[in-house]
Amino acid sequence: MNSVNIFYRKHYVRKPDKEFASFDDLYTHAYREEQASSTKWIPPSDVYATVHQGLLKLKLSGDRAFALNDWSFSQLCSLLNVDRHVIEQLKLETVAQVITELIPRDNRPLQVFTMGDAVRSIHSISYERLFNTRLLELVIDEVTNMTELDDKQLRAPAFYAGERDLFAFMIDESNWLNYKDERFAPAFVIWNSEVGASSVGIRSCWFHAQSEAFLVDDEEDPIAYVRRHSSGVHESLSVIRGRLHLWLASVETRSQRFLDKLSEAAGTEFTAPSETFAKRLVGLGLSRDVVKKAEFSRPSVGRQLSRLDVVLNSLSTVRFAQSASSRFELGAYLASLVFEKNEVRSVAQVLPLMRSSSK
């Protein structure tokens, strides 16, 4: 590997998401990031690339130079309409020259979202930001007003935030379901990406107590909602508020449907080749070593594994995914085996809106 590749692998690789111990910790993190960030409206003609102290940086209207992260670097490549993998083969000085020469020189300003000395995102004038704090404030407000629940019954064992998005998985401990030796609780997940790497949305889930992982309901679930960060994105808050009420009101009906599906999955053999299944898990964010050790590749003595066996054995691997979006996608895929869907879309596919345009 040459020194150029080493530079990009060091500076422009998505870092693992941070996990937080409580809702308050997640909110505090989101609030601090919001307070420390600012949006700069910069004419493209005033954007220049430079190499400073061995780092590729952007200068904005004569301002100080700002570093890039994995997401903003990808956005910049998209803005220039160049292949990121090609750019990564070039020396930094050459890349700086390419960026400076290819940036569109029109009159439409760019939204450059910065925090400290780093660029968090770069968008066109049509992008409308929804801060993570707005969604979290809505959720805590609604949960507080759900008189059927109290602090001991509704908790969130999974809070994540990274440079691209934020996820909060919350479970209802007042409605545990028992299927043989397995315990499940109704749950929901909300997400948002104030840097525009993904959408804002909500889905209902099922929390598995033994693995502490989630099966994510498919898009046919009436709770499901997703919205791109475009004009009017703040309207999504009122929609999500309504979906939270629906989630609570429909717990009993959805619980019975889920138990029926678990029973069906337990009675159906898993017929997919283990190699094909393993490749799918790797593609959804697990390392090959983790997948290789998974119990789905070791059939029980004297019988073929059922679809439910494979799902339950695989749920223990979800915690090894480094991003919350990968955990979401793995949970959605494994849920598809329970609900026997022929094709399940991931957060990025499922929700074609999940990956907002960087332009």
Would [X] and [Y] count as having a side-chain donor-acceptor pair, cut-off 3.5 Å?
{"X": "Arg120", "Y": "Ser37", "result": "yes"}
{"X": "Ser323", "Y": "Ser326", "result": "yes"}
{"X": "Asp260", "Y": "Ser263", "result": "no"}
{"X": "Gln75", "Y": "His123", "result": "yes"}

Evaluation steps, side-chain contact (heavy atoms from CB on, under 4.5 Å), between Leu177 and Leu259: CA-CA 8 Å; Leu177 305 178; Leu259 288 172; 4.3 Å; yes
Return yes when atom [atom1] of [X] has more than 12 non-hydrogen atoms of other residues, nucleotides or ligands closer than 6.0 Å, and no otherwise.
{"X": "Asp181", "atom1": "CG", "value": "no"}
{"X": "Tyr31", "atom1": "OH", "value": "no"}
{"X": "Gln35", "atom1": "CD", "value": "yes"}

[X] side chain to [Y] backbone, donor-acceptor under 3.5 Å:
{"X": "Thr268", "Y": "Ala265", "result": "no"}
{"X": "Trp247", "Y": "Arg203", "result": "no"}
{"X": "Ser72", "Y": "Leu68", "result": "no"}
{"X": "Asp309", "Y": "Ser306", "result": "yes"}
{"X": "His229", "Y": "Ser198", "result": "yes"}
{"X": "Gln111", "Y": "Tyr127", "result": "yes"}
{"X": "Gln256", "Y": "Glu252", "result": "no"}
{"X": "Ser250", "Y": "Thr253", "result": "no"}
{"X": "Thr100", "Y": "Gln97", "result": "no"}
{"X": "Arg327", "Y": "Arg319", "result": "yes"}

Please work out which of the three classes, parallel, tilted or perpendicular, describes the rings of Phe184 and His208, given edges at 30° and 60°. tilted
Assign the ring pair Phe258 / Phe339 to parallel, tilted or perpendicular, where the plane angle (0 to 90°) is split at 30° and 60°. tilted
Does any part of the side chain of [Y], heavy atoms only, come nearer than 4.5 Å to the side chain of [X], both counted from C-beta?
{"X": "Val139", "Y": "Phe188", "value": "yes"}
{"X": "Leu136", "Y": "Ile190", "value": "yes"}
{"X": "Arg64", "Y": "Phe66", "value": "yes"}
{"X": "Leu135", "Y": "Trp191", "value": "no"}
{"X": "Val189", "Y": "Ile202", "value": "no"}
{"X": "Val233", "Y": "Val200", "value": "yes"}
{"X": "Leu76", "Y": "Leu58", "value": "yes"}
{"X": "Glu33", "Y": "Met115", "value": "yes"}

Sequence neighbours left out, what passes side chain to side chain donor-acceptor pair (under 3.5 Å) with Thr28? Give chain and number order. none
Membership question, hydrophobic clusters at under 4.5 Å side-chain separation (ILVMFWY): are [Y] and [X] in the same one?
{"X": "Leu215", "Y": "Leu305", "result": "yes"}
{"X": "Phe277", "Y": "Leu315", "result": "yes"}
{"X": "Val98", "Y": "Leu55", "result": "yes"}
{"X": "Leu92", "Y": "Leu90", "result": "yes"}
{"X": "Leu79", "Y": "Tyr48", "result": "no"}

Contacts of type salt bridge (charged side-chain N to carboxylate O under 4.0 Å, His left out), residue Arg84, not counting sequence neighbours: Asp70, Glu88
Using the salt bridge (charged side-chain N to carboxylate O under 4.0 Å, His left out) rule, take Lys57 and Asp117 through it: C-alpha gap first, then chi angles, then the decisive distance, then the call. CA-CA 10 Å; Lys57 296 190 174 184; Asp117 61 355; 5.1 Å; no
Flag the pair Asp165 and Arg14 as a salt bridge only when some basic side-chain nitrogen lies within less than 4.0 angstrom of an acidic carboxylate oxygen. yes
Do Arg134 and Glu34 sit within salt-bridge range, that is, some charged N less than 4.0 Å from a carboxylate O? yes
Looking only at heavy atoms, what is the nearest atom pair of [X] and [Y], with distance?
{"X": "Arg227", "Y": "Ser199", "result": "O-CB, 3.1 Å"}
{"X": "Ser121", "Y": "Val195", "result": "CB-O, 3.5 Å"}
{"X": "Asp17", "Y": "Ala324", "result": "OD2-N, 2.9 Å"}
{"X": "Ser193", "Y": "Ala197", "result": "OG-N, 2.9 Å"}
{"X": "Pro44", "Y": "Ile103", "result": "O-CG2, 3.5 Å"}
{"X": "Val318", "Y": "Ala213", "result": "CB-CB, 4.1 Å"}

side-chain contact (heavy atoms from CB on, under 4.5 Å) between Arg257 and Asp217, worked out: CA-CA 11 Å; Arg257 172 178 175 261; Asp217 269 327; 4.2 Å; yes
Taking the six-membered ring of Phe113, is the NZ or CZ of Arg129 close enough (under 6.0 Å from the centre) and on axis enough (within 45°)? yes
Phe207 vs Asp172, test: side-chain contact (heavy atoms from CB on, under 4.5 Å). Steps then yes/no. CA-CA 9 Å; Phe207 175 71; Asp172 172 11; over 6 Å; no
Atom pair [atom1]/[atom2] of [X] and [Y] - distance to nearest 0.5 Å:
{"X": "Thr317", "Y": "Leu334", "atom1": "OG1", "atom2": "CG", "value": "7.0 Å"}
{"X": "Leu286", "Y": "Gln322", "atom1": "CG", "atom2": "CD", "value": "10.0 Å"}
{"X": "Ser204", "Y": "Asp221", "atom1": "OG", "atom2": "CG", "value": "3.0 Å"}
{"X": "Leu284", "Y": "Ser325", "atom1": "CG", "atom2": "OG", "value": "10.5 Å"}
{"X": "Glu182", "Y": "Leu262", "atom1": "CD", "atom2": "CG", "value": "9.0 Å"}
{"X": "Leu138", "Y": "Thr133", "atom1": "CG", "atom2": "OG1", "value": "11.5 Å"}

Criterion ring-ring contact (aromatic ring centres under 6.0 Å, His included) against Phe214, the qualifying member of Trp206, Tyr333, Phe169: Phe169
Would you sort out whether Ser236 and Asn192 count as a side-chain contact (heavy atoms from CB on, under 4.5 Å), showing the intermediate values? CA-CA 11 Å; Ser236 63; Asn192 185 49; over 6 Å; no
